[in-house]
Number of protein chains: 8
Amino acid sequence: GFARVDLHRSRRTGFPEIIFAQGKTPVQTAAIFRRLQASGKPVLATRVTREQADAVQNVTPDVEYDDVARLLRWWPPERPQTMRPGFVAVVCAGTADLPVAEEAAGTAEFLGSPVERVYDVGVAGLHRLIDQLSVLRKANAIIVVAGMEGALPSVVGGLVSAPVVAVPTSVGYGAHLNGLAPLLTMLNSCAAGVAVVNIDNGFGAGYYAALIHRS
Amino acid sequence: GFARVDLHRSRRTGFPEIIFAQGKTPVQTAAIFRRLQASGKPVLATRVTREQADAVQNVTPDVEYDDVARLLRWWPPERPQTMRPGFVAVVCAGTADLPVAEEAAGTAEFLGSPVERVYDVGVAGLHRLIDQLSVLRKANAIIVVAGMEGALPSVVGGLVSAPVVAVPTSVGYGAHLNGLAPLLTMLNSCAAGVAVVNIDNGFGAGYYAALIHRS
Amino acid sequence: GFARVDLHRSRRTGFPEIIFAQGKTPVQTAAIFRRLQASGKPVLATRVTREQADAVQNVTPDVEYDDVARLLRWWPPERPQTMRPGFVAVVCAGTADLPVAEEAAGTAEFLGSPVERVYDVGVAGLHRLIDQLSVLRKANAIIVVAGMEGALPSVVGGLVSAPVVAVPTSVGYGAHLNGLAPLLTMLNSCAAGVAVVNIDNGFGAGYYAALIHRS
Amino acid sequence: GFARVDLHRSRRTGFPEIIFAQGKTPVQTAAIFRRLQASGKPVLATRVTREQADAVQNVTPDVEYDDVARLLRWWPPERPQTMRPGFVAVVCAGTADLPVAEEAAGTAEFLGSPVERVYDVGVAGLHRLIDQLSVLRKANAIIVVAGMEGALPSVVGGLVSAPVVAVPTSVGYGAHLNGLAPLLTMLNSCAAGVAVVNIDNGFGAGYYAALIHRS
Amino acid sequence: GFARVDLHRSRRTGFPEIIFAQGKTPVQTAAIFRRLQASGKPVLATRVTREQADAVQNVTPDVEYDDVARLLRWWPPERPQTMRPGFVAVVCAGTADLPVAEEAAGTAEFLGSPVERVYDVGVAGLHRLIDQLSVLRKANAIIVVAGMEGALPSVVGGLVSAPVVAVPTSVGYGAHLNGLAPLLTMLNSCAAGVAVVNIDNGFGAGYYAALIHRS
Amino acid sequence: GFARVDLHRSRRTGFPEIIFAQGKTPVQTAAIFRRLQASGKPVLATRVTREQADAVQNVTPDVEYDDVARLLRWWPPERPQTMRPGFVAVVCAGTADLPVAEEAAGTAEFLGSPVERVYDVGVAGLHRLIDQLSVLRKANAIIVVAGMEGALPSVVGGLVSAPVVAVPTSVGYGAHLNGLAPLLTMLNSCAAGVAVVNIDNGFGAGYYAALIHRS
Amino acid sequence: GFARVDLHRSRRTGFPEIIFAQGKTPVQTAAIFRRLQASGKPVLATRVTREQADAVQNVTPDVEYDDVARLLRWWPPERPQTMRPGFVAVVCAGTADLPVAEEAAGTAEFLGSPVERVYDVGVAGLHRLIDQLSVLRKANAIIVVAGMEGALPSVVGGLVSAPVVAVPTSVGYGAHLNGLAPLLTMLNSCAAGVAVVNIDNGFGAGYYAALIHRS
Amino acid sequence: GFARVDLHRSRRTGFPEIIFAQGKTPVQTAAIFRRLQASGKPVLATRVTREQADAVQNVTPDVEYDDVARLLRWWPPERPQTMRPGFVAVVCAGTADLPVAEEAAGTAEFLGSPVERVYDVGVAGLHRLIDQLSVLRKANAIIVVAGMEGALPSVVGGLVSAPVVAVPTSVGYGAHLNGLAPLLTMLNSCAAGVAVVNIDNGFGAGYYAALIHRS
Ligand SMILES: Nc1ncnc2c1ncn2[C@@H]1O[C@H](COP(=O)(O)O)[C@@H](O)[C@H]1O
Ligand SMILES: Nc1ncnc2c1ncn2[C@@H]1O[C@H](COP(=O)(O)O)[C@@H](O)[C@H]1O
Ligand SMILES: Nc1ncnc2c1ncn2[C@@H]1O[C@H](COP(=O)(O)O)[C@@H](O)[C@H]1O
Ligand SMILES: Nc1ncnc2c1ncn2[C@@H]1O[C@H](COP(=O)(O)O)[C@@H](O)[C@H]1O
Ligand SMILES: [Mg+2]
Ligand SMILES: [Mg+2]
Ligand SMILES: [Mg+2]
Ligand SMILES: [Mg+2]
Ligand SMILES: [Mg+2]
Ligand SMILES: [Mg+2]
Ligand SMILES: [Mg+2]
Ligand SMILES: [Mg+2]
């Protein structure tokens with residue numbers, strides 16, 4: 001077989017293996033999806049195109065596809081999703097960052113963390129963020145998604161006591177360098193309590209926030 | 001005054017403001033240190049040179065200087081340091097990364113997290129890491145410090161269930177680009193559960209791990 | 001002669017030529033300084049080392065040297081400095097950015113713009129900035145100097161109606177890339193009303209703000 | 001809702017919020033456009049594709065679309081546009097830079113600044129620029145748009161007394177690096193009086209020049 | 001003619017010239033392929049599109065096309081392929097890296113080295129690699145293909161005694177920079193015994209491993 | 001008009017203005033082409049697409065289009081092209097570099113320099129280059145076009161006495177960085193007598209070689 | 001202890017662990033050196049400063065220090081060094097590259113491979129290389145060390161049948177980027193049979209060539 | 001011997017080999033200098049430090065050292081330097097660029113080309129350049145040396161008919177990137193007739209201009 005599915009991961013890390021669909025053919029995606037379903041645990045695939053989603057949905061029923069977040073999710077009928085108390089906040093600066101924010105939110109929910117969405121609160125209009133402070137201050141972990149100059153995590157980081165997971169996005173142009181600009185911004189944050197994942201890596205942020213929330 | 005010390009930070013974030021001594025004169029460093037002492041809370045300064053440390057120690061007694069970690073610490077006599085149950089693990093690949101690892105460890109300890117050090121366990125001799133797995137699996141958060149190619153956080157991330165805070169270091173040469181190489185490695189980690197701080201930012205990693213541990 | 005001093009500049013641009021001392025020998029610096037004095041107009045030199053300043057002060061009296069801003073200034077006795085009504089605000093995030101902020105402030109003052117300094121108001125403690133908002137809102141132009149992640153100009157830009165001149169500084173480490181990180185941040189600012197000058201170019205920012213103020 | 005429209009911006013900055021259409025769906029663009037129209041103030045959207053423009057024009061009449069500048073503009077019937085005395089000059093080096101130059105010009109006009117266009121005056125044929133000097137010397141602010149090596153702002157900056165807003169464009173190839181080459185050129189300008197906005201950011205330059213002109 | 005085919009190469013280097021089809025028209029590709037066939041030795045072309053393959057197969061029979069590896073191969077009827085004793089191992093981290101791994105494997109086989117494929121053994125699940133150690137320890141040379149953070153060659157290099165040829169791939173996103181991230185990782189490997197070829201250069205790795213195997 | 005055609009250029013530089021068609025619409029290209037024809041001198045346009053060529057050929061007869069070099073050329077009937085004695089050599093490493101080499105050759109010929117083409121003489125098979133040495137040693141100027149690692153100009157530069165104009169091309173992949181790799185190679189050439197033009201700038205090389213040849 | 005010496009490496013890889021002294025204190029270096037001596041196998045340390053060498057030589061006799069190669073070597077008295085038949089060639093372009101070439105040569109010799117040195121044969125004077133071809137053609141592996149534009153490995157690679165290990169050096173200036181220019185050159189080599197190690201990594205090249213030679 | 005001096009170069013290229021002293025020890029420099037003197041032709045060494053110059057002057061009389069240009073020159077007593085008719089112009093923007101300009105001028109003179117120096121004519125004060133136009137228009141080749149934004153070669157290139165050899169310098173700061181900014185500017189020059197050498201490579205420019213002048 002072309003893939004060695006890592007079924008022990010759940011035992012090692014406490015969370016199931018998650019399929020990264022990018023670069024796989026629809027046929028490969030469906031085959032791997034089914035193999036993980038056979039283990040009887042919930043299955044999540046990320047970066048799923050409509051075409052890949054169709055291939056999976058054709059061979060197995062009851063698989064949910066979210067075309068903004070590009071996530072494909074399935075739960076075994078006998079294992080309803082249970083959620084932890086508390087929540088993860090997902091903060092985002094602009095409309096164009098929604099796919100990444102939703103990938104983060106959907107991933108955290110899949111892993112058992114309820115999510116509060118705090119969207120369109122960019123630093124150019126600070127009052128919008130200040131208005132949401134009471135929500136942010138109750139969160140167990142905060143994911144901050146931002147493109148353009150990526151200043152939002154620093155500002156949030158200075159206002160809250162929960163760990164911030166910063167996600168730069170590729171939304172921008174010119175000296176934005178496809179997300180390198182906000183990535184560097186976030187790595188140099190003068191607020192302590194900010195750690196960073198890869199550009200557009202909503203999945204990684206959702207996973208990380210759920211890990212913190214679980215701990 | 002040249003500095004507006006952020007005395008409210010502790011109320012906002014639950015941890016006191018920490019002095020970043022780099023780029024300050026010894027006189028400025030000592031003045032800010034004293035102002036924070038006056039608030040009656042423990043004081044930490046990072047990236048402190050011997051010369052800055054002397055300036056502080058000259059004006060105030062009982063300040064500890066660690067010249068590997070370049071940390072300066074002070075506790076009010078009536079407020080002994082209390083530590084949380086559980087611990088943060090600090091993992092590091094090579095001898096040359098010690099100053100960054102110790103900055104991380106010292107910061108986490110200052111913020112109330114006991115630290116287990118797991119040093120010199122680079123990926124080129126995996127058995128050394130495997131031997132320490134039982135310690136790593138008990139940690140509440142794991143800081144992984146690595147220079148050269150920075151592969152260690154990916155390997156650790158695949159073996160444990162706690163969140164990994166990855167710190168690239170500037171230890172290397174040539175195509176290492178002063179730490180950009182391991183920084184990119186860590187941002188692209190194929191193991192989920194890894195978030196990254198700036199090159200050589202042991203302070204940021206220690207702070208972040210303590211935040212997770214506290215949560 | 002090794003230098004063609006541009007005495008017509010004042011006629012063309014309304015401001016005198018200003019000496020960029022970096023890379024000149026002390027002897028060259030002094031010679032050029034005297035040539036400009038001979039024109040009877042005020043003279044400013046930037047990036048002046050102590051050694052260059054001594055060379056100038058040895059040959060001509062009444063020259064002021066500011067060793068934080070590294071500026072050397074002289075006014076003809078019969079031409080006292082006159083200041084415009086209104087003012088330029090100089091905002092800065094941290095102690096280590098002072099030399100650049102002072103280069104900006106000193107240049108603007110030399111060109112006839114009074115300066116209000118608003119220092120140590122980094123984004124990690126927003127209340128410090130908010131406290132100064134009434135000053136910022138009265139300024140004719142606002143210079144914002146910031147190292148680390150350089151988020152301050154975006155935040156200021158969203159709160160005021162005057163043009164913001166953003167100056168990234170080389171203060172930071174690691175993925176800061178000697179100022180490239182805050183430079184990119186500022187170029188990608190999601191707040192309109194922000195334009196950018198070179199890393200550490202306090203002179204350019206002071207000159208530009210004075211130009212706006214004069215207009 | 002997916003967007004928190006910043007209706008207070010006009011009160012804070014004196015100019016209304018402007019829609020950045022890039023990355024929004026046509027439906028989102030139209031919804032946000034209508035919400036701003038409801039506030040009764042003029043509305044501008046930038047980076048608007050033909051498809052987005054159609055979506056807006058379908059739901060609201062009297063909206064102007066300029067397909068070179070990619071701007072969409074609307075004025076309330078009872079609030080005719082009023083223009084300031086004086087003008088902003090928009091200078092540009094080549095035919096391929098027209099979209100950016102027109103984005104700048106259209107933005108400045110929308111914000112109340114009349115515009116004089118001085119086009120196709122690249123540095124390789126200086127006499128063309130020299131011929132237009134009398135226009136440039138009367139401008140309140142000068143926008144200089146240039147791709148290729150981006151030398152034009154330095155040359156203009158040395159000849160005039162108004163502030164120059166420099167806009168690098170992505171027009172070029174090879175070592176042009178999609179506009180990084182002229183961006184760096186402009187940031188390093190040896191002429192004082194030049195500030196820079198992001199690559200292809202005609203909007204930012206038009207906004208900034210109008211801010212200066214208004215001041 | 002547009003091409004000087006290097007028929008002496010085989011005499012100089014012991015291996016025939018190999019056609020790099022990228023950037024050639026189908027007609028040029030077919031012409032060069034036939035010229036090499038005329039020399040009576042086996043012919044290999046790399047980076048062959050389906051369209052180029054058709055052009056060759058139309059003019060000459062018995063040419064094999066592998067559309068995953070994008071290789072086109074032909075052997076003279078009277079010269080059956082002979083294989084060396086021993087083998088080259090091709091190790092690869094993920095499904096998306098298969099085209100590069102197969103280009104490497106197919107090239108090595110063409111040059112007379114049998115290949116053992118060890119696929120989908122990424123560092124995030126180390127036990128999968130450990131399970132294959134006995135194969136790796138028997139190999140004469142080991143090609144390790146990896147995208148994402150590219151940590152696999154360091155881990156393999158620390159476990160085996162054969163030379164490792166590392167191939168970074170362009171599989172990844174964001175801070176991956178189209179393969180620069182794993183390229184840098186591999187160049188900085190802390191395991192000795194690792195040398196590197198260009199991003200996605202499966203051909204180069206297969207050739208190099210065959211050279212080592214032959215020696 | 002959108003373009004100020006630089007008709008004086010021929011007086012200033014001795015060569016006519018040449019049209020850079022990239023980024024112009026077909027209508028703009030045709031209009032500028034006709035304006036230059038009206039001056040009665042030969043006309044050359046570079047980077048011309050088939051669509052732009054059609055637009056020009058539709059409005060004016062006798063215009064030659066070369067679709068490999070992407071050049072469009074016209075001579076006034078009464079002014080036959082005259083060629084200088086001596087010649088420019090155009091050397092090139094591989095088939096995929098032909099368009100750039102032909103752009104260089106066609107430009108030099110248009111400006112009156114006969115061209116000798118020495119193609120497919122890459123450094124991996126040095127004897128092919130050595131075989132052509134007698135031609136190279138007679139040339140007045142030598143253009144060397146190379147992609148991949150771009151080593152050819154250094155090798156040629158060490159063997160001849162004429163000035164070498166080096167042109168890096170975007171032919172390559174991976175760490176080639178779209179031509180930056182051979183550009184850097186050529187700028188660092190250890191052979192004196194090599195100067196460099198932009199990536200893929202065959203036109204600039206042809207023009208420069210003709211300038212040298214004319215001198 | 002601060003270091004876990006990897007004594008099993010010899011069993012795993014067939015070569016002993018080698019000390020990378022850079023970044024270690026003299027005391028640490030000496031301690032690790034002694035620990036490895038205690039295992040009774042030959043010991044090699046690389047990147048050793050004079051100060052570190054003194055620290056080692058003070059505590060243990062009979063240790064050889066080569067101050068060009070910066071290598072420190074020791075053999076147990078009862079285990080004289082034995083050399084394999086055949087040899088590794090070390091080729092180098094210029095005098096300034098000698099330290100890297102000697103690090104490579106000294107490492108290969110330490111690991112049992114005799115070395116032939118072929119120095120100062122840069123591509124700008126090809127005849128010097130051609131004169132040495134008969135030596136190169138007899139080598140089992142060829143290390144090519146080059147700074148400046150780094151073209152030498154491509155030229156050598158096209159002339160020989162042994163695998164070439166290419167080492168870029170930091171010798172150069174300007175667009176050389178501290179060795180990135182020749183690194184890219186070598187990675188893009190159009191000659192097959194070239195693999196690359198890190199900038200200035202003479203050790204890695206010597207180790208790799210010895211691995212090939214041994215195989 | 002550590003160096004194979006290329007005594008045939010003069011026969012091949014018409015100019016003698018020139019010593020690049022950077023990275024050589026004083027002893028090596030002196031040895032190579034003497035070896036070239038023994039051939040009876042004039043000798044030039046570049047990038048010579050005062051210490052290297054002393055070493056050479058100690059062993060051989062009548063060697064001239066220019067400590068601005070860092071050149072060391074010697075002529076055989078019986079072979080007085082003869083100069084070609086015509087001249088090379090060396091143009092330079094600022095005082096800090098003098099060492100590079102003088103390296104260029106001194107090299108061209110050594111190779112037989114008289115030099116006219118046109119210094120301190122930066123683009124920020126165009127009239128200074130225009131005043132010198134009649135000199136520039138008589139030159140056989142023009143070297144233009146510029147740091148900061150490096151716009152000067154484009155402006156000169158548009159005004160003259162001789163080939164321009166552009167030399168970027170490392171004079172600048174911040175986004176100047178040690179000369180990469182003016183290097184990119186020059187490579188993207190919109191004036192035809194400009195070719196570029198490495199950052200600070202005054203030698204290369206002087207050599208190239210002399211080659212053109214000789215042709
Ligand atoms: N080593 C460090 N690296 C980055 N940031 C730091 C470091 N040490 C302290 N800080 C941050 O710097 C802030 C104080 O900066 P300052 O006011 O300049 O002393 C603190 O709030 C910390 O978040
Ligand atoms: N700190 C500075 N950074 C950048 N440019 C400067 C600075 N100080 C002065 N200048 C500019 O440098 C020019 C003078 O350069 P120079 O002729 O080399 O002294 C002046 O016209 C100023 O525009
Ligand atoms: N996929 C590949 N990547 C890099 N080089 C290749 C590849 N395939 C073949 N080559 C090299 O390209 C040379 C032939 O190039 P060409 O003459 O353009 O067909 C051969 O000698 C090989 O060394
Ligand atoms: N300043 C310089 N920059 C670049 N190359 C130089 C320089 N000076 C001399 N060279 C070249 O270096 C070669 C000699 O190098 P070497 O044998 O190391 O002395 C000569 O053939 C010149 O082409
Ligand atoms: Mg997998
Ligand atoms: Mg502070
Ligand atoms: Mg000057
Ligand atoms: Mg908004
Ligand atoms: Mg070929
Ligand atoms: Mg034009
Ligand atoms: Mg070790
Ligand atoms: Mg030499």
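Keep in mind that what you see is a predicted model, and the values were worked out from it rather than measured. Numbered from 1 within each chain, the chains take letters A, B, ... in sequence-line order.
- Taking the charged nitrogens against the carboxylate oxygens, Arg47(E) and Glu103(E) do have a contact shorter than 4.0 Å, which makes a salt bridge.
- For the set Gly157(B), Ala151(B), Ser154(B), the count of heavy-atom pairs under 4.5 angstrom toward chain E peaks at Ser154(B).
- Comment: Asp54(E) engages Arg50(E) in a salt bridge, judged by a side-chain N to carboxylate O separation of less than 4.0 angstrom.
- Partners of Ala89(B) under the side-chain contact (heavy atoms from CB on, under 4.5 Å) rule, at least two apart in sequence or in another chain, are Phe87(B), Leu136(B), Ala139(B), Ile142(B).
- Residues of residues 176-186 of chain E that come within less than 4.5 angstrom of chain B, heavy atom to heavy atom, are His176(E), Leu177(E), Ala181(E), Leu184(E), Thr185(E) in numerical order.
- No side-chain N or O of Gln132(B) forms a donor-acceptor pair with one of Tyr119(B) less than 3.5 Å apart.
- For the 3.5 Å distance criterion, the side chains of Asp200(E) and Thr169(E) fail to qualify, holding no donor opposite an acceptor.
- Ion pairing between a basic and an acidic side chain is recognised when a charged N comes within 4.0 Å of a carboxylate O; Arg117(B) and Glu102(B) show such pairing.
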